[in-house]
Amino acid sequence: MKNSYKSFVALALLVTMGVATTLGQAGHGYDLASLDKNTSACADFYQYANGGWLAANAIPAAYSAWGVANILDEKNREVLHQILDAAAKNTSAPKGSSEQKVGDYYATCMDEAKIEAEGLNPLGPEFARIAEINDQKSLQDDIAHLHSQGLNVLFVSDSTQDFKNSAEVTADVSQGGLGLPDRDYYTKNDDKSKTTRDAYVKHVAKMFELMGDDSARAAKEAQVVLGLETKLAEASMTRVERREPAKVYHRMTVAQIQELVPGFDWTLYFQRIGVPPKTDVNVENPDFFKAMNQRLSSVPFADWQTYLRWQLINSTAAALSSKFVDEDFNFKGTVLQGSKENLPRWKRCVAGTDRVLGEALGEVYVKRAFPPPAKARALEMVRNLEAALKSDITTLSWMGEATRKQAIIKLEAFLNKIGYPDKWRDYSSLKVDRGSYVNNRFRANAFAKQRELNKIGKPVDKTEWGMSPPTVNAYYNPQINEIVFPAGILQPPFFDAAADDAFNYGGMGSVIGHEMTHGFDDQGRQFDSTGNLANWWSEADLAAFKERAQCVIDQFSSFEVERGLNENGKLVVGESIADLGGLVIAYAAFQKSQEGKPKVVVDGFTPEQRFFLGYARGWATNMRPELARLLVNVDPHPLPKFRVNGPLSNMPQFAAAFQCKAGDRMVRPDKDRCQIW
C-alpha cells in the first residue's frame, strides 16, 4: 500500500457485522439463537458461536458477503445518507464550504437523468488526447496527464516515507497498470483462472462496443489489452514477495532511474505531475520498469491508444450512464465477487462521497455518532492492552534482553489515534460544483493525487489519518509507529461503552491487540520505534521468531477453502500472527480487568467464555465462493472461519474456558501449537 506499510483488520472487506442483541443482564451481548448448539465448541468454534446466525442471515443479492459487520456499516452509511441528503438540498450553502462541496458532489452523483444524457461526453477531451498519440513524446505526455488526474496507467506514482529515514518524504514509483485484481490472474493456468481471463476479455470487448466500436474491432482491441497487461503482470512481483520491505526499497536519483528506464523521460514526467525537482525516488520493482522500458519501444502506438482508452473507461465506468455501470458491475461485481445485483444508487453515492471527502463528512458524523465518553473508554482499553503487551514482552522466554529492551521502546513509542483526527483535512483547493459528476470525480482524484505529491520534501505530518472517521476498520502504520481506530468501528458489536468487559475485550480488545502486535509481525518487526527499516533483533531472537512464524504459515496453508484451493500461509502470515497475538494480549488485559471482581455467569456462560464468543461473533460471515476465491488470491487476511478457529486452536486459554480435551479439533497437540506472544 502506498505511503506506508499499513496493516488492516479485514473488516472493511467483509463489512457485514450485525449489532448483537442483549444477553441476560450484560447489556449488548449475544443472541442465543445465533449459536449452533448441535456443534461442539471444541470441534468447530466458528460454527458453534455463529451457526444459528449464519443460517438465519442469507446474503442479500447486492452483496458478495454478509456478516455481523455489514449491519454496523449500514448503520454508519445511513447516518452519512442523512447528512448528505440535507447537504444536497441546501443549495444556499456558502460557496467553498464543506457543506457545499459534499452536497454538490453527492447531488451530481444522484442525478441519473443528467448522467444518462451526458453519456460519454465528459470523457471527450480525454479520448481526444489519446487519439492524438503518434510518438513517444505524446504517449508519455498523456501518461503523465492521466497520472495527474489520479489514473495510474502503466505504473503507479506516489509519495512515501523513506524506509531508512522515516522523517523524509520522497517520490515513489511501483508496478501497476493491470485491469484484473492481481498479476496471478494473468499468469496462473488452472481452469478457474482461464475462465476468469476469458470473461475479462469478453468484458473488455463489450466495453469497447459500448464506446462505439464494432464487434470485430472490439474483440481485437480486447486481445491487445490482455496481451499488454499480461506482459506487465509477468514483470510484476507477487503479493508474497512484496511483503518483504527490503524487496520494495530501491532509492534512486532521477538520473539513476533515467539510466534504468532510458525510454521514458523521467525529468519531464515528474515536472508534469508536480514532483519537486531534484527529489530522490523509491523504485519499488526495478525489474518491472525494465520490462516497461521494453514495452515502450516495442508496442505500436495504436496499441497504446487502445490500452489507454481501456484504462480510462475502466476507471470511470461506474460514474457513467447505466449501460457502462451495468457492464462494469457484471464483471467486477458478479464474475469476480458473485454479487447478484448492484447496490442502490444512493449507497454507491454515499460511499463515493466518503471516499473523496471523508473528513468533511466525518466532522459531522462524529458529532452524531461518537460521543466523548466512548472515546475515553476506548483510550482506556488501548492503554490496558499496551500494559498487557509490555508485560508479555517482559516475560517472553524466547526473546533475549537486548531485543526485549528495543521491543519495549517501540511499544512505548506507539502513537494512539482514537475516533477522529485532531486536525481536519483542508479541502479548500478542491473545486466541486453541480456540473458533471465525472468532472467532479476527476477533480477530486486530481486533488488527492496532488495532495500526496505535495508531501515530498516536507516534514511528515503525524496527525494525518489514512481512514475516514465512519470507516469500520483499523490499522497499524509502522513508519509512524501508530495504531488507529476510527469511530466507525468503535460501536457494537466490537465496542459498547455500556457493556461488560467480556464483550468489549473479546470484540474491540482483540482488534486493538491485533493492531498492536502488527508492530512485531513479519513486516512490523523490521521497523524500529522511529519508523525506520532497521534490524533491532539479535540473530538468535530473529531465528526464534522466524521459526514461530513458520508454524503459523504451515497451519494456514493447510486450511482448505474449496477443493484444490488452500489459504496461502505466506500471504496471510502477518495478519494471522496479529490475530493470535492480539487475542493473547486482549485476554491477558481482560483477566487483569477482572481482578477483585466476582465472576458473573450470564445465560450459562462464564466471563471467559463470553470473551471468546465476543471475538468469534465479530467474524460471523456468509460469503459467496467467488469472493472467497478473490480474497484468497489478493487479501493478506485469512477468511473469517480461519480467523476464528485458527488462533483459538492454539490457545490453552480457550481450551480451558470451554473444557476442551486433548484430541478435540479445537485443541492442537503441544508439538503443533503455534505460540509467539
Side-chain angles (χ1 to χ4, degrees), residues 7 9 381-414 474 476 478 481 483 505-506 508-529 536-538 540-556 569 572-593 608 611-612 615 637-638 642-657 667-668 670-677:
S7 302
V9 176
M381 284 189 66
V382 169
R383 289 171 177 158
N384 290 344
L385 268 290
E386 287 177 338
L389 180 53
K390 183 176 180 178
S391 176
D392 186 84
I393 292 172
T394 301
T395 58
L396 279 179
S397 61
W398 59 267
M399 183 177 283
E401 289 306 314
T403 305
R404 193 188 320 276
K405 180 180 178 180
Q406 293 303 313
I408 291 174
I409 289 173
K410 181 171 185 178
L411 172 62
E412 291 179 340
F414 273 2
Y476 169 74
N481 197 27
I483 50 176
Y505 279 92
M508 194 64 211
S510 63
V511 174
I512 295 169
H514 173 105
E515 299 307 337
M516 286 180 180
T517 50
H518 266 312
F520 308 93
D521 69 9
D522 66 312
Q523 289 181 326
R525 67 161 184 83
Q526 300 186 57
F527 293 84
D528 64 19
S529 62
W536 46 273
W537 296 66
S538 72
D541 292 343
L542 184 55
F545 174 86
K546 288 183 176 179
E547 180 182 356
R548 285 159 172 75
Q550 187 62 48
C551 177
V552 174
I553 291 171
D554 293 342
Q555 277 190 10
F556 278 82
V572 303
V573 59
E575 299 299 331
S576 301
I577 288 172
D579 280 342
L580 177 57
L583 270 166
V584 170
I585 299 307
Y587 188 79
F590 165 63
Q591 292 287 77
K592 183 73 174 176
S593 75
E608 291 77 14
F611 172 93
F612 291 111
Y615 174 73
H637 306 81
F642 307 131
R643 298 193 77 166
V644 174
N645 288 352
L648 294 188
S649 67
N650 290 298
M651 292 182 66
Q653 302 94 322
F654 167 79
V667 180
R668 292 185 182 274
D670 288 346
K671 66 182 181 64
D672 297 330
R673 185 162 64 87
C674 298
Q675 181 180 3
I676 299 178
W677 306 107

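All residue numbers in this chain count up from 1 along the given sequence.
Atom NE2 of H514 sits about 4.0 Å away from atom CD of E575, to the nearest 0.5 Å. Taking CD of Q406 as the start and CD of E401 as the end, the distance is 12.0 Å to the nearest 0.5 Å. Rounding to the nearest 0.5 angstrom, the gap separating the CG atom in N384 from the CG atom in L389 is 12.5 Å. In this structure, OG1 on T403 lies 12.0 Å from CZ on F545, to the nearest 0.5 angstrom. Note that CD1 of I577 is 9.0 Å distant from CH2 of W677, once rounded to the nearest 0.5 Å. Separating the OG atom in S649 from the CG atom in L580 is a distance of 8.5 Å, to the nearest 0.5 Å.
With contacts defined as side-chain heavy-atom distances shorter than 4.5 Å, the pair V584/M651 qualifies. At least one side-chain heavy atom of R643 sits under 4.5 Å from a side-chain heavy atom of Y615. Using a 4.5 Å heavy-atom cutoff, the side chains of Q591 and Y505 are not in contact.
Between the side chain of D521 and the backbone N or O of T517, no donor-acceptor pair lies under 3.5 Å. With hydrogens and angles ignored, the 3.5 Å screen pairs a side-chain donor or acceptor of T394 with a backbone N or O of K390. At least one donor-acceptor pair under 3.5 Å links the side chain of K410 to the backbone N or O of G519.
Of all the heavy atoms in R404 and I393, the pair that sits closest is NH1-O, 2.6 Å. The nearest pair of heavy atoms linking H518 to G574 is CE1-O, 3.7 Å. Residues A657 and E608 approach most closely at CB-CB, 4.0 Å, considering heavy atoms. Q555 approaches C674 most closely through the heavy-atom pair NE2-SG, 3.0 Å. Between I676 and R548, the shortest heavy-atom contact is CG1-CB, 3.7 Å. The shortest heavy-atom contact between S576 and P638 is OG-CG, 3.3 Å.
No more than 12 heavy atoms of other residues, nucleotides or ligands sit less than 6.0 Å from atom CZ of R383.
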Q) Run the side-chain contact (heavy atoms from CB on, under 4.5 Å) check on I512 and E386 step by step: do they pass? A) CA-CA 9 Å; I512 295 169; E386 287 177 338; over 6 Å; no

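Checked against W537 for a side-chain contact (heavy atoms from CB on, under 4.5 Å), the options K546, R525, Q526 give a single hit: R525.
The aromatic rings of F590 and F611 lie parallel to each other, with less than 30° between the two planes, well short of the 60° mark.
The ring pair (Phe, Tyr, Trp, His ring centres under 6.0 Å) analysis of residues 386-414, with sequence neighbours excluded, yields the pairs F414-Y476.
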